[in-house]
Amino acid sequence: LREAKQGDRVLFGSRTWQVLRTDGKQCTLLQIGIFRQQIFAKKTNNWPDAYLRKWLNQTYKSKVLNQKERLLLQQICNDSKGEKMDKLYLLSYEEYEHYREQLPAQVMVPKTQTRNQDNPLTEDEEWETGDWWLRSAGSDSAKACYVDSQGVEHPDGDITQKMGVV
């Protein structure tokens, strides 16, 4: 990862990631493709309390990264109160706007929704475009921001509905 440049695709854990930013010591990575459909939260659009935040930093992290890889992750504060730290997180609305030109216009997901979504995606699956969550709060407490299948951001995703996790 130290030699990776902005825009490169790298293998980290069992997934392929795109380098959004690097300073030679640290990288910001975005996983390529939607790997799972997940609800944002059950009750609130507040990222520090979101079900999806806990799932990423506990379940997902331990499934796709080994101990050595998990030690490479840096903690980032994505909480306005400065109380909760993340090692894995979704892009915010503002980050999506900033990195938008580096991202594919459409994010692909497997057509078969009955597949085991904890396994890496394979090249021989049929693909379609999909919507995916951002970590930013939406238009009211039951909504969160998301990006639709055409790359357009929206502030009104129902937090209890499953959408893609990138």
Side-chain angles (χ1 to χ4, degrees), residues 1 4 6 10 12-23 25-104 107 109 113 117-121 130-149 151-166:
L1 288 176
Q6 184 176 323
V10 296
F12 184 64
S14 59
R15 308 282 195 229
T16 301
W17 305 76
Q18 182 170 335
V19 179
L20 297 179
R21 182 193 65 78
T22 183
D23 63 9
K25 295 178 183 176
Q26 295 181 347
C27 294
T28 299
L29 305 175
L30 180 74
Q31 183 171 307
I32 302 297
I34 293 173
F35 59 88
R36 182 164 185 115
Q37 300 286 320
Q38 193 66 269
I39 66 167
F40 186 89
K42 296 177 182 174
K43 296 181 181 179
T44 178
N45 65 1
N46 184 25
W47 176 250
D49 300 321
Y51 169 82
L52 185 49
R53 178 187 169 272
K54 292 173 188 151
W55 180 83
L56 278 171
N57 283 281
Q58 294 171 7
T59 306
Y60 179 72
K61 181 174 67 175
S62 65
K63 285 188 180 212
V64 300
L65 302 173
N66 64 36
Q67 182 63 29
K68 184 178 176 183
E69 292 160 339
R70 289 192 297 268
L71 291 172
L72 294 173
L73 298 174
Q74 300 294 310
Q75 288 193 342
I76 303 292
C77 182
N78 288 316
D79 174 8
S80 61
K81 296 177 184 175
E83 297 173 354
K84 300 208 177 174
M85 303 294 283
D86 297 327
K87 290 192 173 189
L88 297 176
Y89 55 93
L90 304 178
L91 291 178
S92 69
Y93 180 91
E94 293 79 12
E95 289 165 335
Y96 177 75
E97 284 292 313
H98 180 78
Y99 296 121
R100 176 182 216 139
E101 297 303 315
Q102 296 181 50
L103 304 175
V107 176
V109 296
Q113 294 302 314
Q117 293 183 348
D118 290 324
N119 290 330
L121 306 176
D131 301 341
W132 49 283
W133 288 116
L134 297 172
R135 75 172 183 272
S136 299
S139 56
D140 66 45
S141 63
K143 307 288 184 194
C145 293
Y146 73 98
V147 178
D148 71 19
S149 62
V152 178
E153 318 94 296
H154 297 274
D156 57 355
D158 181 337
I159 61 173
T160 63
Q161 297 297 310
K162 289 186 175 184
M163 279 196 220
V165 180
V166 178

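In this text, all values refer to a predicted model and were calculated from it rather than measured experimentally.
- Interatomic distance, S92 OG to Y99 OH, rounded to the nearest 0.5 Å: 9.0 Å.
- Evaluation of the side chain to side chain donor-acceptor pair (under 3.5 Å) rule for T22 yields no partner, not counting sequence neighbours.
- Here the closest non-hydrogen pair linking C145 and Y93 is SG-CD1, 4.3 Å.
- To the nearest 0.5 Å, atoms CD (Q38) and CH2 (W133) are separated by 10.5 Å.
- Qualifying salt bridge (Lys or Arg N to Asp or Glu O under 4.0 Å) partners for D49, counting only residues two or more places apart in sequence or in other chains: K84.
- Contacts classified as salt bridge (charged side-chain N to carboxylate O under 4.0 Å, His left out) and involving residues 155-166 (residues at least two apart or in different chains) are not found.
- What you find for C77 and G82 is that their closest heavy atoms are SG-CA, 3.4 Å.
- The backbone N or O of P48 lies less than 3.5 Å from no partner atom in the side chain of E83, so there is not a single donor-acceptor pair.
- Judged as a ring pair (Phe, Tyr, Trp, His ring centres under 6.0 Å), and not counting sequence neighbours, the contacts of H154 are Y146.
- To the nearest 0.5 Å, atom OG1 of residue T59 and atom CG of residue L88 are 11.5 Å apart.
- Without hydrogens or angle criteria, R53 side chain to R135 main chain gives no donor-acceptor distance under 3.5 Å.
- A distance of 11.5 Å separates OG1 of T28 from CH2 of W17, quoted to the nearest 0.5 Å.
- Across all non-hydrogen atoms, the minimal contact from Q37 to G164 is OE1-N, 3.4 Å.
- Annotation: side-chain contact (heavy atoms from CB on, under 4.5 Å) contacts of E101 (sequence neighbours excluded): none.
- Counting non-hydrogen atoms of other residues, nucleotides and ligands closer than 6.0 Å to NZ of K54 gives a total above 12.
- Using a 4.5 Å cut-off on side-chain heavy atoms (C-beta onward), L29 and V19 make contact.
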What side-chain donor-acceptor pairs closer than 3.5 Å can you find for residues 67-74, not counting sequence neighbours?
residue, atom, partner, partner atom, Å
Q67, OE1, R70, NH2, 3.0
E69, OE1, N66, N, 2.8
E69, OE2, G13, N, 3.2
R70, NH1, L65, O, 2.4

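- The CG atom of L56 sits 10.0 Å away from atom OH of Y51, with the distance rounded to the nearest 0.5 Å.
- Residue pairs satisfying the ring pair (Phe, Tyr, Trp, His ring centres under 6.0 Å) criterion with at least one member in residues 58-85, sequence neighbours excluded, are listed as follows: F35-Y60, W55-Y60.
- Remark: N57 engages no residue in a side chain to side chain donor-acceptor pair (under 3.5 Å) (not counting sequence neighbours).
- Using a 4.5 Å cut-off on side-chain heavy atoms (C-beta onward), N78 and L90 make no contact.
- Every side-chain contact (heavy atoms from CB on, under 4.5 Å) that A137 has, sequence neighbours left out, goes to N45.
- Scored by the side chain to side chain donor-acceptor pair (under 3.5 Å) test, W47 finds D86 as partners (sequence neighbours excluded).
- A heavy-atom distance below 4.5 Å is not found between the side chains of V147 and L91.
- The SG atom of C27 lies 10.5 Å from the CD atom of Q6; values are rounded to the nearest 0.5 Å.
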